[in-house]
Structure formats: C-alpha cells, structure tokens
Amino acid sequence: MFPQQNAFRQYFDLSGFWDFRFDPEDQGQAAGWADGFEGSQPIAVPASWNDQFLEDGAGGARDNLGPAWYQLNFGLPWGFAGRQLSLRFGSVNYLADVWLNGVFLGRHEGGHMAFVFDATEHLHADANRLVVRVDGRLAPDRVPPGNLPREANEGFAMHSYPDTAFDFFPYCGIQRPVLLVATPRQAIHDITVTPAIDGEDGLLRVKLKASGDNARLVLEGFGSQRPARQALKLEWEQGEAEVRVPKASLWSPAHPNLYRLTFELLSGGQVCDAYSLQVGIRTVAVEGSLLLLNGEPIFLRGFCRHEDFPVSGRGYLPPVIVRDYDLLKWVGANSFRTSHYPYSEQMLDLADRLGFLVIDETQAVGLFFKEGGLERRLELCQQFTSELIQRDKNHPCVIAWSLANEPNSIHPAAKGFFRQLYDLARSLDTSRPVTVVSMVGEAEESFEFLDLVCLNRYNGWYTQSGDLDSGVQALSAELDALYARYKKPVILSEFGADALPGHHAQPPEMFSEEYQAEFITRYIQLLESKPYVVGEHVWNLCDFKTSQAVFRMNSFNYKGVFTRDRRPKLAAHRIKQLWEEKKR
Ligand code: GCU
C-alpha cells in the first residue's frame, strides 16, 4: 500500500542530496561503512548514479555498476515518535543492503519494486544515520541476467558493454523516493479490490487485512454528478465483503471514472486507522479471439517505453511522466506496456486517472534456461511476479500481466518455468489475462496455457533488412500460422525501426526517419486487417540509452518515434494521422 497522509498516517520524503561513495575494492563492509563512512561526495536521490558523475576514480562512473554506498543523516520529524515506523524504498537497482544507526534492517533483490523495512525499534528521536549499500553488477543468476557465459544463450549471443542480456542501460542506484512512514499500531495492512459488473450495477469485492476488530467503508464518486459520500455498513466475512454500486459509472479509456473507497478501521468503537483507494469499476476478459473491456471488444494502440532520461537515468522524474502521457495522448495512443520492468506507482495512478490501458510487466527480460542459476532465476521470477501483482492489483488501468519479455524459449525447460509462473499469477489474481512477450513465435509452447499471444517482430529490420515488402509478407504468414495454432487474441507487442533524428532519405533507407515511418505504417495497415489481432505496440515511444554495442550508435536505441528529449520524429506525425483515421 502506497503511504498516505491523513489523521492516522504520515510519511516524510527523504529525497535530496545524500552522501555517496563508490567501493571499487568491495571493502566497504569490512571497513565498517555500515556505521557510516567518510570521503563521500553528494549525490541526488532519487536518480541513477551512472550519469551524475564523470569520474569514479577508476574507469569512469557511467559503467560502474557498483557496489557503492549511500548515507543520509536525518532527524525524526515531530509527531512520529510512538508510532509504527518504517522505511520504504520505491526502488533500488539491483541489490540493496540497508542499515539504520548501524543495525542491519535487511536486503532486497530486484531493481524496480518497492520494499519496506520496519524501523520502529531502531530510530532515535534526534539524529539518525541511514546507510545503503547498492550492488548493480550483472550476473547470470540475477534477473534480468547479464555477463552470460558465451554458451548460455545459443543463437542469441550479441555481447555489449556493460554486458547485459537486455537492450537498455543497466542504470544503478536509489531510483525512486525513500519515505519514512508512520502508521498507527492497529492498522490496515492490505486491501484487495476486485471489480465486477452486474447489469447496470457495479460490484466491488473487497478483502481487508487489518489488526482491528471491525471496519467500515465510505464510498465517494469523483466529479459532481456522483453521490457525495456513502457510509456503507458491510457484512465482513473473514475480512471480505461486497459493495454494490447502483448504476455504476464504469472505467474505460474514454471515461476513466474513478471512485474513492475509504476504509476506516475501528477498535473499541473508535476509528484508529483510515486508508483511501481510488478504484475503477471495469472488467477485462478474453473471449475467443477478442479482448473485452466491460464486455466490449477493445483494440490496443500504443507503445512500449522506458523510464529513461538524460542525467537522471532511470530515476523517478515526474515532469517526464506528465510529458510522456501528453505525447501518448497527442499521438492517439490508448495503452502501453511497462517494458521491461514495473514502472513507478505514480505512473500507474496517472494511467487510472487519464484512462490508459497497461500491460504490466515484471523485470524478467533476457531469460535463458541453461542450468547455471536456473533455479535462482525461477525463484526471483516468482518473487517479482508476486511483488508486481501485490503492488498493482487494485489499478483499473492494469488489464494484463506480462511474466517476461523475449525469453530464450527454444530451451525445453522454458514451458515448465512459465507454467509455474502462470499458475502463481492466476492464484494471486483471476481477474486479468496473463501473458509472456515472445520473440520465438510458434515455438513459444507456453502459448498453450497463456491467455494472450504477444509477439515481438522486426521483419524489415533485423531480418529482411531494408526489404519491407518481404518483411511484411513474412509477418502476415507468421501471424496467421500463430493464430491457427493457438486460436487466442494476438498482440504485436513490439515492432519498429531505428531512425537517427534528422536523417532523411528518399526512397526510404534504414536509419532514416522515412524508413521508420514507412515501416510502422505498413505494420499498422497489416495488423488492423487481421480480425484476431487485438493490439499493436510500437517499439518505442522515445529513444533511450543502451550499453555500448556495434549495433547501438552512441549507445542509443533510436527506435523511438520521439527523441530522448521528447521531440517528434516523422513517424510520430504519421502514426497520429493513421490512428486518427482508424478512429473515424
Ligand atoms: C527487442 C527487445 C527490446 C529491444 C528491441 C530492439 O525486441 O524486447 O528490448 O530494445 O528489440 O532491438 O530495438
């Protein structure tokens, strides 16, 4: 549950300038840095460390993936004493060890998900010292993996520096805000809201985990027409209840209607805690070759994206979120995938409010199934799948879960691996379809049990390079074969071409803006002619930073239809036109 401020709850944002030090010899722990360290330089938090500095006293800060240490001294805000106090990290890439006043609070592995440590017993009323060791190094038994042994990824071995098994820069550090959170001793610990539709009415199945003896619910609609406030007396059964919303205003991209549900926890007849949640009443379902929202077929027109911007790297940057939503609206998109990791909670809150449909993806990109570390990679994927669903389950914008991007699923172990993750995801949430975003196509045997077929294709770029006619023809045949085999809705979850901003050619030529525009146009025309295709996501919304590699000029992926500083290329104008025509 994202922290809130109300009569019972408070949080204090520790963002700002922290002390920072690289630890090239990895000696910090032995040297007692957990209790505090000298010789530091200021660093901005939240942000990646890689582009904040030029030097690291060794080969340069950019490619230094750690370990490195952060330190912050802070006083306890008034009114916090005597409450349940915790430290909440929005995200730290990749492995974080946390100490408070010299006491080890815990470790978290995984760079894109929030984690919380109880700090009540260890906080001082005055001066406190928080120390975080961050290790962003790449390894085969991490997810996403890196520094793979040559034989690990037969057929897909393209090496880069840093040697990632994925195509984006492995930015490191404390990348989302760190909050000091105060909650009451008797509190609400977890809320699950699953919407349904019953004729004109909406139904909200609510599940509450709390340490109180009873709770009540206040339902508020957004906007003037809605009933102001309705206190609902609910029959709780083991912390579960159902709310009926007569003549409900459903949530959809066209009408992103939201309700606010405020849970008030009672103890001895007194309210001892409260938590408000914005919810939308909408349903998602797969029926034959259709993807249904509120029972109506939908078509996903949108993009993949990265949390990526100059200098701050993968740091949480609210203005870029606002800008990207404005770009999505301008170009006529209704959806995006959180490629290739969970995005910030604030990004999803705005998707609820602005009416964008989201395929929510774990950080499992570049998976391979050779022995070395396979078990550990499965454990991590199970952790990341649970964390993702636990964090994002109440967002109406989230319409599907993506368990992984482009796993090397030729390997016989892949199907069993994904079967386990699929069953886990379904056990946590039965209200949304689950998929894996594939690059192997028909060979992705997991499509037998997955709910949606998601495929990435670059015919006319990586294959049939420069020859769009044969590329599109081959794609058409492959899509038909895929549908014939699995009979499930198909999403082309990635397609696109690199275009160097300002580079032009007529007739169109690879790396020119014209070729990118033509490539995307031909794909959209093909995809919208296939009745079983329910979505098209262009790779990528904006250019973004990658590792160094022969196929990555300036260490950039230029497949954005907007530049990295969010200016449109020719393709952006072309897509806007195409999608406007489709909507007429
Ligand atoms: C892949 C992959 C992306 C990558 C893209 C590309 O399909 O999923 O992460 O950036 O292709 O090569 O441009």
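For ligands, and for the atoms within them, numbers begin at 1 and follow the listed sequence.
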Applying side-chain hydrogen bond (donor to acceptor under 3.5 Å, both in side chains), can you list everything that pairs with Ser438, at least two apart in sequence or on another chain? Glu444

Return all side-chain donor-acceptor pairs below 3.5 angstrom for residues 311-323, not counting sequence neighbours, or 'none' if the list is empty.
unit_1, atom_1, unit_2, atom_2, d
Arg314, NH1, Glu307, O, 2.7
Arg314, NH1, Tyr341, OH, 2.9
Arg314, NH2, Phe169, O, 2.6
Arg323, NH2, Arg566, O, 2.6

How would you list, by chain and number, every residue that makes a ring pair (Phe, Tyr, Trp, His ring centres under 6.0 Å) with Phe449, sequence neighbours excluded? Tyr422

Below 4.5 Å, heavy atoms only, C-beta onward: do Phe303 and Val331 meet side chain to side chain? yes

Mind checking what residues have non-hydrogen atoms under 4.0 angstrom from ligand 1? Asp167, His340, Asn405, Glu406, Asn456, Tyr458, Tyr462, Glu494, Trp539, Phe544, Arg552, Asn557, Lys559

Looking at Phe356, does the NZ or CZ of Lys329 lie under 6.0 angstrom from its six-membered ring centre and within 45 degrees of the ring axis? no

Given His306, which partner from the list Trp539, Phe556, Tyr171 fulfils the ring-ring contact (aromatic ring centres under 6.0 Å, His included) test? Trp539

